[in-house]
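The block underneath contains the structure these notes are about, expressed in structure tokens.
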Amino acid sequence: MTMRSPARRTHGRAARTAVGMIAAGLVASAALAGSAALAGASSAATMTLRTAADARGKDIGVALDPNRLGETAYRSIADTEFSLVVPENAMKWDATEPTQGTFTYTAGDQVAAYASSTGKELYGHTLVWHSQLPGWVSNLDGAALLAAEKSHITNLVTHFSGAVSSWDVVNEAFNDDGSRRQSIFQTKIGDSWIEQAFTTARAADPTAKLCINDYSTDAINAKSTAIYNLVKDFTARGIPIDCVGFQAHLILGQVPGDLQANLQRFADLGVDVRITELDIRMSTPSDATKLATQAANYASVVTACLAVSRCQGITIWGITDTYSWVPSTFPGQGAALVWDESYSPKPAYAAIVAALGGAPTPTPSVTPTPTASPTAPPASGCSVRYTSTQWNTGFTASITITNTAASPVTGWVLRWAYPSGQTVTQAWSSVTTQSGAIVTAANAAWNPTIAAHGGSVQFGLNGAYSGTNAAPTSFTLNGAACAVL
Ligand code: G2I
């Protein structure tokens, strides 16, 4: 069998992890220097999906449309949040070989250049797929089609050799019942079309990882078992295959309970696994309850991947809901991605960071070390707005403190009691600790001041609850009671 561990891929992972380690080191030094507040603030200020995933040694990827890179928000999120890009459409057959033997790499090259210039891994998608085929392919007989398949693979893999670290060589080759999809490749070439594709790709670039990719294979079911059996068969016969992609185009509330076990059974065959096209759709419009469920669902997928050491990472199938493929394919459904149509992060964003272990985690047993000056005067007027969205056993809260007094607050400590046994698991933009029901949130190093006459600060937290999740009914700011909005 031809398993391998490409040096280029390993270097990329090591480099990104090193960045995470440096960040962690800075946090540790700050804490050692005696400022837990600074530690929390550093971590919160720099935390992105990418820094959180890097620290866990996982890729966090996005399907990219190079035509959108001119949009500031799109570009900025792509730049900051992701460590891997996959062209959503730019490397497909219709985009790259619209006329037989004539290859157009313009859009694919744009994605490759973007990945290279921003230090991201480039994942190739997809070499052979029954969909988005140019018309000329359908006119070929079996022998000509096999020759065209090999030519297409050889040209693409050679062109992107050294840039693409892994390829979806074959996409969506199976039916839900585990039988082969009756695509043009299957009907005209026969069963061997898949192994011919993998062998051809390996010959064109011996260092790229070669994957098979499909949807509705996230659970243990007839379709995923068919791919499992293909991997076993290829491995036994020495046909190259390195990885299996699980698209995970999921429906709200329907993350398979056996996702982790499914990933693990493939990993146990000796191949890498990856969540390749994650999105979680809902009936539109969205609302706070659906978004909270979606956040929990995204977190579950991340948690499953983290639990499987051969799971390379998670790729989300786009940035903003505006450009998602979902509404045009499933009318009445959408809101499937992590950023909404205004590019605002949805609750799923914080949930993914939290699942990656990225947000600063308070340690309840440690005595709080607020940065508020002991001499800071009690606030003479303040109000607090506390909102939360919750799912089964978790919640995300947003807390806004407004200074209604005539003088600024410099150094703040907000305290409240949780009425129904809630526990804080992560917090950001504050240094938050908990002792029993009492939560103490102090300013981070960078946000100590609340301006007079209506200035405000906002911070957030994730928590766990059981049964009820009642909001706190009173708050004190530097010891003085605040109005509750
Ligand atoms: O269908 C969702 C995904 C399922 N797995 C394989 C993926 O490659 C697939 O991605 C989608 C893209 O997100 C869509 O953007 O594949 C679709 C094609 O089946 C893509 O849609 C196509 C439109 O159908 C075309 O009309 C359009 O010209 O995108 C093309 C480029 O914008």
Side-chain angles (χ1 to χ4, degrees), residues 61-71 74 78 82 84-99 104-111 114 122-135 137-138 152-153 156 160 164 166-176 181 183-185 194 197 210-219 223-224 226-227 243-252 254 273-282 301 314-339 341:
V62 66
L64 197 81
D65 178 351
N67 299 318
R68 305 288 177 197
L69 284 171
E71 273 182 59
Y74 187 97
F82 297 100
L84 175 151
V85 290
V86 52
E88 184 171 358
N89 290 300
M91 290 186 191
K92 289 174 178 173
W93 198 317
D94 62 349
T96 53
E97 196 184 1
T99 304
T104 55
Y105 294 119
T106 317
D109 283 347
Q110 284 170 359
V111 180
Y114 174 74
L122 178 63
Y123 189 96
H125 174 85
T126 176
L127 295 171
V128 195
W129 185 28
H130 65 274
S131 184
Q132 283 181 285
L133 282 174
V137 173
S138 59
H152 183 75
I153 293 170
L156 263 84
F160 290 107
V164 164
S166 306
W167 278 104
D168 283 337
V169 177
V170 164
N171 194 38
E172 302 174 3
F174 288 89
N175 294 315
D176 286 352
R181 180 191 292 273
S183 68
I184 187 172
F185 303 103
I194 300 183
L210 307 180
C211 314
I212 190 165
N213 189 49
D214 217 320
Y215 64 89
S216 298
T217 51
D218 316 301
K223 191 175 188 180
S224 62
I227 296 178
C243 34
V244 178
F246 300 81
Q247 292 184 9
H249 290 295
L250 298 174
I251 297 170
L252 190 72
Q254 296 184 24
V273 294
R274 178 186 296 277
I275 304 296
T276 49
E277 303 183 14
L278 179 61
D279 50 29
I280 303 177
R281 61 186 183 264
M282 61 184 72
V301 174
I314 293 139
T315 296
I316 302 169
W317 205 242
I319 294 175
T320 162
D321 289 332
T322 310
Y323 303 133
S324 166
W325 70 287
V326 169
S328 60
T329 305
F330 301 102
Q333 296 186 57
L337 294 169
V338 175
W339 283 267
E341 297 188 345

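Note that ligands are numbered from 1 as they come in the structure, with each ligand's atoms numbered from 1 the same way. Residue indices begin at 1 and follow the sequence shown.
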Could you check whether Y323 and W339 have their ring centres less than 6.0 Å apart? no
Q. Is the gap between the ring centers of Y215 and F246 under 6.0 Å?
A. no
Residues passing the salt bridge (Lys or Arg N to Asp or Glu O under 4.0 Å) test with K223, sequence neighbours excluded, are D176, D214
Can you give me a line-by-line list of nitrogen or oxygen pairs between ligand 1 and the protein shorter than 3.5 Å?
residue: ligand 1; atom: 5 (N); partner: E172; partner atom: OE2; Å: 2.9
residue: ligand 1; atom: 5 (N); partner: Q247; partner atom: OE1; Å: 3.1
residue: ligand 1; atom: 5 (N); partner: Q247; partner atom: NE2; Å: 3.4
residue: ligand 1; atom: 5 (N); partner: E277; partner atom: OE1; Å: 2.7
residue: ligand 1; atom: 5 (N); partner: E277; partner atom: OE2; Å: 3.4
residue: ligand 1; atom: 8 (O); partner: K92; partner atom: NZ; Å: 2.6
residue: ligand 1; atom: 8 (O); partner: H125; partner atom: NE2; Å: 2.7
residue: ligand 1; atom: 10 (O); partner: W317; partner atom: NE1; Å: 3.2
residue: ligand 1; atom: 13 (O); partner: E88; partner atom: OE2; Å: 2.4
residue: ligand 1; atom: 13 (O); partner: W317; partner atom: NE1; Å: 2.9
residue: ligand 1; atom: 15 (O); partner: E88; partner atom: OE2; Å: 3.3
residue: ligand 1; atom: 15 (O); partner: N89; partner atom: ND2; Å: 2.9
residue: ligand 1; atom: 16 (O); partner: K92; partner atom: NZ; Å: 3.0

Taken in chain and number order and not counting sequence neighbours, the residues that satisfy side-chain hydrogen bond (donor to acceptor under 3.5 Å, both in side chains) with N67 are D65
Does either side chain, that of E172 or that of N213, offer a donor lying less than 3.5 Å from an acceptor on the other one?
no
Those residues at least two apart in sequence (or on a different chain) that pass salt bridge (Lys or Arg N to Asp or Glu O under 4.0 Å) with D321 are K346
